[in-house]
Amino acid sequence: NAGVTQTPKFRVLKTGQSMTLLCAQDMNHEYMYWYRQDPGMGLRLIHYSVGEGTTAKGEVPDGYNVSRLKKQNFLLGLESAAPSQTSVYFCASSIYNEQFFGPGTRLTVL
Amino acid sequence: AQSVTQLDSHVSVSEGTPVLLRCNYSSSYSPSLFWYVQHPNKGLQLLLKYTSAATLVKGINGFEAEFKKSETSFHLTKPSAHMSDAAEYFCVVSRTGNTPLVFGKGTRLSVIA
């Protein structure tokens, strides 16, 4: 039982490049979330999903897209990376009142 | 709308002395409240949660928090700090159920030997 996993763990991009972050959970949770963490800002919600095939915007959605084609996977895409997207990205899934977090992806955009 | 204010960005205590991390919340609904801890370069770990049961909530590693509706507070305490408690602590609010979490900006706890 791996819980929530994230791929990759680290990535360096150049401005304008694209990439996809993968989040996978093996707990059969309906709800999944993407957050970003910046110094002094806590975690802020980017997008979330309440089930397979559904997505919704969070607090800071601009510059990101998401897809939930399979229940266990939640993908976060950056179509044209910008330095402002340098951050640590956390995925989570939830059941009832508890969210389970992945280990994070550290992304640097040069 | 919901929000969380962590009243101190940095708290420093001596090993063996009490810890108090302060959190005030605002919520239009009956809230669920959480404290998460993040050690350097690590992920987030749930310390404790309040979901409208007992107002005094006990968590892991000797931490506890008290929900005070009249003061809209959910302060985190520990009787005696240990060096291993040095980390970033986040107070978090959400509506009951599978709703997105709203994080405070964090309090960095330093423990001095």
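Order of the sequence lines sets the chain letters (A, B, ...), proteins ahead of strands, with each chain counted from 1. Here the structure is a predicted model, which is why all the values come from computation and not from measurement.
Heavy atoms only, all atoms of each residue included: A:Tyr35 and B:Leu101 are closest at OH-N, 3.2 Å. Here the closest heavy-atom approach between residue B:Lys42 and residue A:Phe90 is recorded as O-CZ, 4.2 Å.
Looking at A:Arg106, only its side chain comes within 4.5 Å of chain B, counting heavy atoms on both sides. Using a 4.5 Å cut-off between heavy atoms, B:Gln45 makes no contact with chain A at all. Residue contact with chain B, scored on non-hydrogen atoms closer than 4.5 Å, involves the side chain of A:Gln37 exclusively.
A:Ile46 and A:Met19 end up in the same hydrophobic cluster when Ile, Leu, Val, Met, Phe, Trp and Tyr side chains are linked at under 4.5 Å. Placement of A:Tyr64 and A:Leu21 within a single hydrophobic cluster is found when ILVMFWY residues are connected by side-chain heavy-atom separations under 4.5 Å, directly or transitively. Cluster membership for B:Phe90 and B:Phe67, using ILVMFWY side-chain heavy atoms within less than 4.5 angstrom, is not shared. Linking ILVMFWY residues whenever their side-chain heavy atoms come closer than 4.5 Å, directly or via other members, leaves A:Leu107 and A:Leu45 in distinct clusters. Using a 4.5 Å cut-off between side-chain heavy atoms of Ile, Leu, Val, Met, Phe, Trp and Tyr, with links allowed through other members, A:Val50 and A:Phe101 fall into the same hydrophobic cluster.
Taking the side chain to side chain contact (heavy atoms under 4.5 Å, CB included) definition, one finds that A:Ala24 meets it with A:Thr5, A:Asn73, sequence neighbours left out.
Atom CD of A:Glu52 has more than 12 neighbouring heavy atoms from other residues, nucleotides or ligands inside a 6.0 Å radius.
Annotation: side chain of A:Gln99 is not in contact with side chain of B:Leu44 (no heavy-atom distance under 4.5 Å).
When each of A:Gly40, A:Ala56, A:Gly104, A:Pro103 is checked for heavy-atom pairs under 4.5 Å with chain B, A:Gly40 comes out on top.
Within residues 103-113 of chain B, the residues approaching chain A closer than 4.5 Å by heavy atoms are, in numerical order, B:Phe103, B:Gly104, B:Lys105.
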